[in-house]
Every structure is written in C-alpha cells, then in structure tokens.
Amino acid sequence: MGTGPAALAGRALDALSPPPRLVDWSLLAVVVLEAVTGFVSFTVGSPSGWPIFWLHRILGLTFLAFLGFKLVRVRHRLARLAEWRASTVVSVLTLLAAVGAFATGIAWVFGLDVRLAYWTLLSVHVGFGLALLPLLAWHLASRFRLPRRRDFEGRRTTLKYAALLLGGGVAYRSQELANRVLDTGGEDRRFTGSQPREGAGNGSFPVTSWVADDPDPIDRDGWTLTVAGEVETSPEYAYDELAGESGETGITGDSEEALLDCTSGWYTVQRWRGVRVGDLLETAGVRERARFVRFVSVTGYRWSLPIEEAREALLATHVGGERLSHGHGAPLRLVAPGRRGFQWVKWVHRVEVRRRDDPAQWVVTLLSGFE
Ligand SMILES: Nc1nc2c(c(=O)[nH]1)N[C@H]1C(S)=C(S)[C@@H](COP(=O)(O)O)O[C@H]1N2
Ligand SMILES: [Mo]
C-alpha cells in the first residue's frame, strides 16, 4: 500500500464509502432526482420556491462524493486501455457527461459568465444533464445489478449518508461565503440562480426564443388582438387602441415594473407599459364558469394563467419607455410577474377565456414553430 497523498485520499474515500452496489444506486438516484428538481425548478418563479433550488445544489454536491467512491473502485478497470470494450466507452461517455454537468453547475454558482451566442453556462449545464440521462440508461443496461437487502443494513451506512448530505449543505454555504469574500459576481444571482442584466429598454436584455419560434416581424397596422372564449362579447383591438394612441375604447393604459427571469440563467427588471388584462376581461364580460385565461402567440406558442392571476397581468406594448422590438414580442407580449420567462408569451394575438387549464401547453411551447 502506498503512502503518497493520492493513496491516502483513496484510502479515506474507501473508508467513507458505502457498499459498492449502494454507491451505484445512489448515483442513479441522485441523477434522477437532479433531473426532476432541475426540471421543476424551471417552473418556479417566486421566492417561496427556494427549497427546490437548494435541494438541487446540495444533491449535486453529494454527487461528487459518490462519483469519487465509484472512480476509486473502477480506476484499475479504466486504466487498462487494452481491455476496453464497447460498454467501457459508454461508461466513459457517461462519466464525461456527469463531470460536465457537475463542473458547469459549480462554475455557474461561482458567477462565471461565459456565453456561447445566447447560450449561458446554465444552458450548457442543462445540455450535459440531458445527455447524461440516456447515457446513464445505456450504461445501466449493461451493468444492472439489483441491490441486496444487506447493502442497506447497518447504522454506519445511514450515518454515512447523513454525513454526505450535511457535507453537501456545508459546501454550498461555504461557496456563498467564498463568493462574497472573493467578490466573484456569483452573489448577484437570484434565488433561481439567474444573473442580472442591467439597463432599461429593448437593448438591455437578450432576446430568447425557442429554436424554431421565430416569426416574421408583425405589421402593426394589420395586426389585431382578439378576446374570445367564455366572454359575453368578443372584442377585437387594433394596435393603436391598446398602445394608448387613440383612447376611444375605454381601455386605459397601465404600466408596471416587473422582473423577467429566463431559465437560461439571466434576469432583468424593466418598466413595462400596455394594458391590464383585467381591463380587457371586464370590457368583454367574463362568464361565470371561466377559470383560466390562455395567451396565444401568432406562432402557436401559448400559456394559461388562473383567471385571478391573469387579471393582474399586463399585455405590454412598451418596455423601458420604448416600443417593444420585434425580438421582444412586438406588437404585444405578456408580462406575468412571478412567472418564469418562458411563460411570458411574445407576439400575442389572442386572449382566450377558458373553463379549463391547458396541459398540452407544455408540449406546444417546446414544439411551436416546427411545421
Ligand atoms: N411566442 C413565444 N414567446 C416566448 C418565447 C418563445 O420562444 N416564443 N420564449 C419565452 C422565453 S423562454 C423567455 S425567457 C421570454 C424571453 O423574452 P425576451 O426575448 O423578450 O427576453 O419570452 C418567452 N416568450
Ligand atoms: Mo427563457
């Protein structure tokens, strides 16, 4: 047995390590939980949802420990290049995706701000995570072993797991402290992890759309907004009637400062001007049974809000004192405070009052724009 630092670290890891099979199952459980918490976190826009982000970060840190245990165990197998098989290649690709997801996650919390076109490091993190899922499934297919009862027995194993979670929590807290002391910029992130984009108006924050959701610029004069569904009358508005430029519809303009937080990792606070959705609904006359309001883009992209929340939302024609640019959703885009950016539908042309929620919106927002 060696006595060098590497050998010592290896022995320390060995001593801490749960039984091998349990390590493997823990890795699987952590990856699945990270996928689930990562996905759910994207739907959270209000600060009361902070626990989901914490869970994601702390589990992510315990992942490193499990990966360490595993690598110590299989290092000899990986080192014998001549004996690599197809399944070894899958294992190594799985390892690379895992390390990629971990490294980009860590870099992100330290405030590193590398951008590839409009891709932030957070988007790259999501990319690694999405690649990891099928790779891990493939890796498992060749090495699947059911855990045995005795793998779970013993107080020591429970203690090891508790210590790992605690270690993850402490590591995450220390990172926050390090950010503050070293002034990395990482402490400017919101509870969602998003970094600030400063300034006012169209030019001060990125244009973010799904790959294929890219309509031609909309001619304001030909465009109308229709209010339809569970309403007494179905009014149609021209742009000037909403932008407060004719003033004959009973719809008065309104404005509000609201924070847009995109899941690709940035946020911006802007003053938005337009019309209050509640004013539109009142003018149309909402039927008793109405429960949701769906906002539909000319591209088919859409999102629904419960009717009480929808009344408070704004349909904006202007941002930071400027008319909305095409990229930011001209002539009209939804401003839904407390909701994540992907729910702020751009290029809105229909407001539909409905009795039901719209589960299909989850698929539609991913696919809209593809013919
Ligand atoms: N119709 C439509 N609306 C959309 C999108 C889209 O792809 N199509 N992208 C959403 C996403 S993911 C975000 S973060 C915001 C971004 O708004 P911005 O481009 O004005 O920054 O718009 C949302 N509204
Ligand atoms: Mo977004």
Side-chain angles (χ1 to χ4, degrees), residues 38-45 108 115 117-127 130 189-190 192-218 223 225 256-274 277 293-305 310 313-352 358 360-371:
F39 179 78
V40 172
S41 78
F42 271 7
T43 69
V44 173
W108 183 255
R115 292 182 221 169
Y118 68 64
W119 282 64
T120 60
L121 259 191
L122 188 67
S123 321
V124 179
H125 174 71
V126 172
L130 288 177
R189 294 176 310 125
R190 284 188 90 206
T192 59
S194 293
Q195 301 168 347
R197 297 289 179 266
E198 312 284 359
N202 287 298
S204 61
F205 61 106
V207 164
T208 309
S209 293
W210 298 101
V211 196
D213 214 67
D214 180 24
D216 290 332
I218 297 169
W223 172 93
L225 174 74
E256 174 177 353
E257 202 170 83
L259 186 154
L260 168 57
D261 185 339
C262 173
T263 50
S264 68
W266 55 267
Y267 74 89
T268 183
V269 178
Q270 298 287 334
R271 177 150 290 275
W272 308 88
R273 178 154 71 76
V277 175
V293 179
R294 176 156 83 183
F295 300 89
V296 188
S297 170
V298 297
T299 65
Y301 193 104
R302 65 193 200 219
W303 203 263
S304 294
L305 300 177
L314 203 68
L315 281 166
T317 53
H318 289 68
V319 62
E322 303 165 6
R323 206 196 279 279
L324 277 179
S325 67
H326 167 61
H328 287 306
L332 196 68
R333 70 101 42 89
L334 180 63
V335 170
R339 295 279 181 161
R340 295 302 289 271
F342 72 89
Q343 293 154 322
W344 294 38
V345 183
K346 300 194 282 194
W347 311 295
V348 173
H349 75 150
R350 277 177 76 80
V351 172
E352 297 171 5
D358 179 21
Q361 68 195 7
W362 292 96
V363 181
V364 170
T365 46
L366 287 179
L367 299 182
S368 77
F370 289 105
E371 287 304 318

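Numbers for residues simply follow the sequence, beginning at 1. Remember, it's 1-based here, ligands and their atoms both numbered in the order they're listed.
Aromatic ring orientation, F342 versus W362: tilted (interplanar angle from 30° to 60°).
Here the closest heavy-atom approach between residue I218 and residue V298 is recorded as CD1-CG2, 3.7 Å. Considering all non-hydrogen atoms of both residues, K346 and S209 come closest at NZ-OG, 3.0 Å.
Residue-ligand proximity, W266 to ligand 1, at heavy-atom distances under 4.0 Å covers atoms 21 (O). Close contacts of ligand 1 with T299, meaning ligand atoms under 4.0 Å from a residue heavy atom, involve 1 (N). Near F205, meaning under 4.0 Å from any of its heavy atoms, are these atoms of ligand 1: 20 (O), 21 (O). Close approach of ligand 1 to V207 is summarised as follows: ligand atoms under 4.0 Å from at least one heavy atom of the residue are 19 (O). Near W344, with a cut-off below 4.0 Å to any heavy atom, the atoms of ligand 1 are 22 (O), 23 (C), 24 (N). For ligand 1, the atoms lying closer than 4.0 Å to a non-hydrogen atom of C262 are 14 (S). Close contacts of ligand 1 with W347, meaning ligand atoms under 4.0 Å from a residue heavy atom, involve 1 (N), 2 (C), 8 (N).
The shortest N or O to N or O distance between S297 and ligand 1 is under 3.5 Å. The shortest N or O to N or O distance between P206 and ligand 1 is under 3.5 Å.
Listed by chain and number, the residues in a ring pair (Phe, Tyr, Trp, His ring centres under 6.0 Å) with H125 amount to none (sequence neighbours excluded).
Interatomic distance, CZ of F42 versus CG of L122, reported as 5.0 Å (0.5 Å rounding).
A 4.5 Å side-chain heavy-atom check between V207 and H328 finds at least one atom pair inside the cut-off.
Distances shorter than 4.0 angstrom do not occur between any heavy atom of R340 and any atom of ligand 1.
For the pair E322 (side chain) and V319 (backbone), a donor-acceptor distance under 3.5 Å is absent.
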